[in-house]
**Q** 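To start, I am sharing the structure in question, which I have written as structure tokens.
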Amino acid sequence: MHRWSRTLIPTARDAPADAELPSHIFLTRAGYIRKVGSGVYDYLPLAKRVLSKIETIVREEMDGAGASEMLVPHIVPIELYKGTKRDEDYGDLLMRFTDRHGRDAALGPTHEEIVTEMLKGSVNSYKQLPVNVYQIQTKFRDEFRPRAGLLRGREFIMKDAYSFHLAVEGEGGLNETYDAMYSAYENIFRRCGLDFSIVEAEAGPIGGSASHEFMVNCATGEDTIMVCPASGYAANVEKCETGERAYSFASAPARDLATHHTPKMPGIDGVAEHLGTTPAGMLKTIVMQPVEPEECGPKWVLAVVRGDHDVNEGKVRDAVGFAVEMGDEKSAREAGFSIGYVSPRSAISIPDCLLVVDPDATSPEGEGGTWATGSDKPDHHDTGFNWTRDLGAELPEPGTVSPDKTVLGDSVKVADIRNALAGDPSPRSPGATLEAKRGIEVGHIFKLGTKYSEAFDFSVLDKDQKKQAVIMGCYGIGVSRTMAACVEMSHDDNGIIWPAPVAPYHALICLVKPEDEASRTACDQIADDLSSRGVDVLIDDRKERPGVKFKDADLIGIPIRITIGPKTLEKGGAEVKRRREEGFGEVVESGDVSDRVFALLSSR
RNA sequence: CGGGGUGUAGCGCAGCUUGGUAGCGCGUCUCGUUCGGGACGAGAAGGUCGGAGGUUCGAAUCCUCUCACCCCGACCA
């Protein structure tokens, strides 16, 4: 139980000019957070209470799922990152500094390395596996452009867990823990009162294979996710598959190939306008190359998508069977590519090329059967390009492309290689189409594999006395971001509306007239009653006008407001109102208030 | 890292073009009247105008350098 006059809740009528999103505006105005520097915030008492409640839920579910809490240093010697090259991969995101002895260190952006080191030093038998350890700690990532308050700060609070296994499958295997974490995360976010989606995701710079993201559904979210309403399939845009799409190269050309001079037109929009077409009437040909050229056939991979679509590197990788990256511009020019003006014909004229075409880039929609494309010479584009007439190579027969199928031609493949879009066919439910939604990522679980254990030479002897690299998983939750996401998801024009499980207090007693003896007596009795039943109570005992108190009550968003004043006492008790309800609440007899509050809290 | 912008009282802003010794609203403090949805009146406190250098009799204002912060893009938990 706290009294407003004795704690620190500096509410403000105006938000700082740079606050744009509701979570940033309200958390600041309601006295939860205060900016200290770019992307760095104070957590004031109200915020700390919310964070603690989220952390408690996290701890209960993590412990319940067999994980053990620990804590590693915030500061990590830079050598640990060199082992995995993440000092380079993270680049400037890694906040580095040098101590008085000239030793380089970093503020941990996440702690795979240091935890792997820790386990390596303490686990050397398969009998000690599996193990799953976690911590809740401040992380630091030196974002170039922090924004949106707590949603993308530089310093943030994160729960990160790391599991270690001898095998992927079976009892004690990675998948078992991964599944346990999956359901623990579902429990955590459900208990936090969040509306969320679970989506399939690429692994990102952290490395590894399978992963899922937990996204709070929210229109202001920074991430786009694709969902199939029929099957429940959901994935982030980078990962999202599309359903079967038909393709055919066999359209009859209605016009001849013609070359146009298109100097100094960087964007595809500008070129399309100049040629009298739209980006959807053009082909975009991206020159890519294998990451490890020695281990695969072709030197170059040309990915062709429609002009208004985006090539997806991961999908190209899956289609060709080896990892690819954007082609190095210098060596691509040396090989003969007119970067910026490449057409699919370069795949035929330049040796060692593999051509991969997205179904939507085969036969154009509408009349004409031809595309606008690059001319394979600087400052020129062609119109009237027709695959069968103008490519000069054998093309695959018409058919369909589904996520698990790649159609092979001699030197031409057709495959899903672009980012999914709203309206695309669902990969899981024939006839349904994908929808795009926005979300805020609050949790992410990865199957890491052996990337870190191999880098740190962390292996154990198995039953057959064979040395085996330990298999890892890692599981993160943005704790401070979860707090902000709650506000993004649940607020109105007047302020925050906390879900009860994470609210800083369950009930706010608004003393209309704190100097009134009878009010104070009733208030103390009700507060004691509630506290003894485990309800967190904040008493607004400030000598303020009622209007100010009600405005502040709405701002800070405590789920239940109990108003006590001479008028309510006259009517026999106190007014009880939910934050999410408008107007006046109901007057409840003083002795019944705690029962009433308890009932409201239990009914959500 | 590209493009744009802003630094003046705790918060929001004006003043800068055309140099003359700093102002408004909110908040804070005192007194009085008010008292269930951000009251009213009277009074008060609070600023090396981001920093350094320069021009000038005189700089918040003009010039140079610097630092910080923000927005869009790229990137990203």
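Convention: sequence-line order gives letters A, B, ...; per-chain numbering from 1. Values below: every heavy atom of this structure, side chains too, minus hydrogens, waters and symmetry copies. What you are looking at is a predicted structure, and each value in this text was computed from that prediction instead of being measured.
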**Q** If B:U34 has a Watson-Crick or G-U wobble mate with both distances under 3.5 Å, name it; if not, just say none.
**A** none
**Q** Please confirm whether any donor atom in the side chain of A:R152 sits under 3.5 Å from an acceptor in the base of B:C76, or the reverse.
**A** yes
**Q** Within the structure shown, what part of the strands sits under 4.0 Å from A:R561 by heavy-atom distance: base, sugar-phosphate, or nothing?
**A** base
**Q** Quick check on RNA chain B: between A:P546 and A:R154, whose nearest nucleotide comes earlier from the 5' end?
**A** A:P546
**Q** Can you tell me how far P of B:A77 sits from CD1 of A:I477, to the nearest Å?
**A** 16 Å
**Q** Quick one: is the NZ or CZ of A:K139 closer than 6.0 Å to the six-membered ring centre of A:F156, and within 45° of its axis?
**A** no
**Q** Stacking check: are the rings of A:F584 and B:G36 less than 5.5 Å apart at their centres and under 30 degrees in tilt?
**A** yes
**Q** Donor-acceptor pair, distance only, cut-off 3.5 Å: does the side chain of A:E488 make one with the backbone of A:S23?
**A** yes
**Q** Check this for me: does the side-chain of A:E544 come within 3.5 Å of the base of B:G38 through a donor and an acceptor?
**A** no
**Q** Whether the A:N132 and A:T177 side chains hold a donor-acceptor pair (N or O, under 3.5 Å, no angle test) is what I'd like checked.
**A** no
**Q** Using whole Å, what does the distance between atom C1' of nucleotide B:U28 and atom CG of A:L8 come to?
**A** 15 Å
**Q** Closer to the 5' end of RNA chain B via nearest nucleotide, is it A:K551 or A:M158?
**A** A:K551
**Q** Any donor-acceptor pair under 3.5 Å joining the side chain of A:R29 to the base of B:G38?
**A** yes
**Q** According to the Watson-Crick and G-U wobble definitions, with both distances under 3.5 Å, which nucleotide is paired to B:G73?
**A** B:C1
**Q** Is a donor from one side chain sitting under 3.5 angstrom from an acceptor on the other, for A:Y32 and A:D42?
**A** no
**Q** Only pairs with both distances under 3.5 Å count, Watson-Crick or wobble alike; so what is the partner of B:U56 in this structure?
**A** none
**Q** Is there aromatic stacking of A:F550 on B:G36 here, judged by a ring-centre distance under 5.5 Å and a plane angle under 30°?
**A** no
**Q** Quick check: A:W498 with A:F26 (ring centres under 6.0 Å apart)?
**A** no
**Q** B:G27, OP1 or OP2 - any side-chain N/O from A:R13 closer than 4.0 Å?
**A** yes
**Q** Is the phosphate of B:G36 approached by A:T568 (side-chain N or O, under 4.0 Å from OP1 or OP2)?
**A** no
**Q** Which one is paired to B:A68, where only Watson-Crick or G-U wobble pairs with both distances under 3.5 angstrom count?
**A** B:U6
**Q** Going by purine N1 to pyrimidine N3 plus the second Watson-Crick contact, or the G-U wobble pair, all under 3.5 Å, which nucleotide sits opposite B:C49?
**A** none
